[in-house]
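Worksheet: one structure, shown below.
Keep in mind it's a predicted model, so treat the numbers as computed, not measured.
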Amino acid sequence: MSKLVVGEIENAAGGNPYSITLSAEQATTSGTAIDFTSIPAGTSRIIVMLEGVSLSGTDSMLIQLGDAGGFETSGYVSAGANQAGSVVTSTAGFVVRAGAATEAISGHVLLTLLNSSNFSWIGSNMSTKGDGCIYSGGKKDLSAELTQVRITRTGSNTFDAGAAAIQFT
C-alpha cells in the first residue's frame with residue numbers, strides 16, 4: 001500500500017481549498033445576536049459550534065446567513081425537533097429548537113453550499129440540551145455569495161450563557 005504525504009494542496013488559482021479556519025470564540029452571555037463576519041469568497045462549508053448556549057426564555061435559536069447586502073431573514077425552509085417529537089419550524093433562519101429557559105445547548109450546525117450558481121445552502125443540526133437531543137435541517141438560497149453568519153433567536157429572548165465559534169473551509 002502506498003501513502004501520499006503532502007504539505008499543502010493548491011488549486012489552479014494558488015489557493016488551498018482544504019485549509020480550515022477557526023474563528024475566535026464569542027461569548028453568548030448577553031445580547032440578541034452573535035455575528036461572524038468576513039467569511040471569504042469561495043467558502044463552501046461552515047460549522048457553527050455551540051457550547052452551553054442558553055436563552056433567557058422559551059425561544060429557539062436561529063442561524064441566519066448573510067451576504068454583502070446584509071443578513072437574510074426570510075426564505076428559509078427549516079424545521080427542528082427534540083427527542084420527544086416536539087417540532088418547531090422557521091422561515092427566518094435555520095432553527096435550533098430550545099423551548100425552555102436555561103436549556104444549555106451544545107453541538108454544531110453544519111452549513112454546506114449545495115449550488116454555487118444560486119448560492120443554495122443546506123443546514124443540519126445535531127445537539128444536546130442537557131436532558132436530550134435536538135436536531136434540525138433546512139435549505140436557503142441567498143441573493144449573493146455568503147460572507148457572514150449570525151446566531152440569533154426566534155423571539156425577544158436574550159442570550160444568557162455559553163459560547164460559540166465557527167469553522168469554515
Side-chain angles (χ1 to χ4, degrees), residues 21 23 26 28 31-101 103-129 132-169:
T21 301
S23 75
Q26 293 192 42
T28 55
T32 59
I34 310 301
D35 294 347
F36 296 93
T37 59
S38 301
I39 298 171
T43 296
S44 60
R45 184 182 67 182
I46 300 168
I47 302 171
V48 179
M49 298 166 290
L50 308 170
E51 179 186 18
V53 178
S54 174
L55 291 166
S56 61
T58 60
D59 290 351
S60 290
M61 278 185 272
L62 291 176
I63 307 297
Q64 293 177 329
L65 309 181
D67 53 34
F71 289 100
E72 297 197 11
T73 60
S74 63
Y76 295 80
V77 177
S78 177
N82 62 17
Q83 77 281 357
S86 177
V87 176
V88 63
T89 63
S90 179
T91 59
F94 294 116
V95 68
V96 178
R97 190 194 184 294
E103 285 189 336
I105 295 174
S106 295
H108 67 270
V109 179
L110 176 62
L111 305 168
T112 53
L113 180 63
L114 175 66
N115 185 325
S116 61
S117 64
N118 66 351
F119 314 109
S120 179
W121 286 82
I122 301 296
S124 64
N125 163 59
M126 180 60 73
S127 300
T128 180
K129 62 180 184 77
C133 294
I134 54 175
Y135 44 91
S136 58
K139 178 184 181 299
K140 170 66 175 152
D141 294 339
L142 291 174
S143 58
E145 190 165 27
L146 182 140
T147 60
Q148 49 193 342
V149 172
R150 169 176 281 170
I151 305 169
T152 188
R153 71 283 185 254
T154 57
S156 60
N157 293 170
T158 57
F159 289 100
D160 60 11
I166 65 169
Q167 275 185 3
F168 55 86
T169 184

Handout entry: CD (E51) with more than 12 external heavy atoms under 6.0 Å
Key =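 Not more than 12 within 6.0 Å, no.
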
Hey, could you give me the [atom1]/[atom2] distance between [X] and [Y], rounded to the nearest 0.5 Å?
X    : Y    : atom1 : atom2 : answer
L114 : S120 : CG    : OG    : 4.5 Å
I63  : S90  : CD1   : OG    : 11.0 Å
W121 : L110 : CH2   : CG    : 9.5 Å
R45  : I47  : CZ    : CD1   : 5.0 Å
S117 : D141 : OG    : CG    : 9.5 Å

Tell me whether [X] contacts the main-chain N or O of [Y] through its side chain, where contact means a donor paired with an acceptor under 3.5 Å.
X    : Y    : value
S44  : L113 : no
S56  : T158 : yes
K140 : S74  : yes
Q64  : T73  : no
Y135 : N82  : yes
S124 : G137 : no
N125 : V95  : no
N157 : L55  : no
T154 : S60  : yes

Considering non-hydrogen atoms only, spot the tightest contact between [X] and [Y] and give its length.
X    : Y    : value
C133 : Q83  : O-OE1, 2.9 Å
I105 : S127 : CG2-CB, 3.8 Å
A79  : T89  : CB-CG2, 4.0 Å
S106 : G52  : OG-N, 2.8 Å
I122 : F94  : C-CZ, 4.3 Å
A81  : V87  : CB-CG2, 3.9 Å

Practice task
Using only heavy-atom distances, determine whether the side chains of R97 and S86 contain a donor-acceptor pair under 3.5 Å.
Solution key: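 The criterion, which ignores hydrogens and geometry beyond distance, is satisfied for S86 and R97.
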
Handout entry: Contacts of D35 that satisfy side chain to side chain contact (heavy atoms under 4.5 Å, CB included) - sequence neighbours left out
Key =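 Checked D35 against side chain to side chain contact (heavy atoms under 4.5 Å, CB included); matches are A33, T37, F71, R150.
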
Practice task
Check each of I46, I151, T21 against I166 using the side chain to side chain contact (heavy atoms under 4.5 Å, CB included) test, and report the only one that passes.
Solution key: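 Only one option passes, and that is I46.
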
Exercise for the section: Answer yes or no: is there a side-chain heavy-atom contact under 4.5 Å between L65 and V149? Expected result: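 With C-beta onward as the side chain, the pair touches.
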
Exercise for the section: Would you mind reporting whether L146 and D67 have side-chain heavy atoms less than 4.5 Å apart? Expected result: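 Sidechains of L146 and D67: no contact.
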
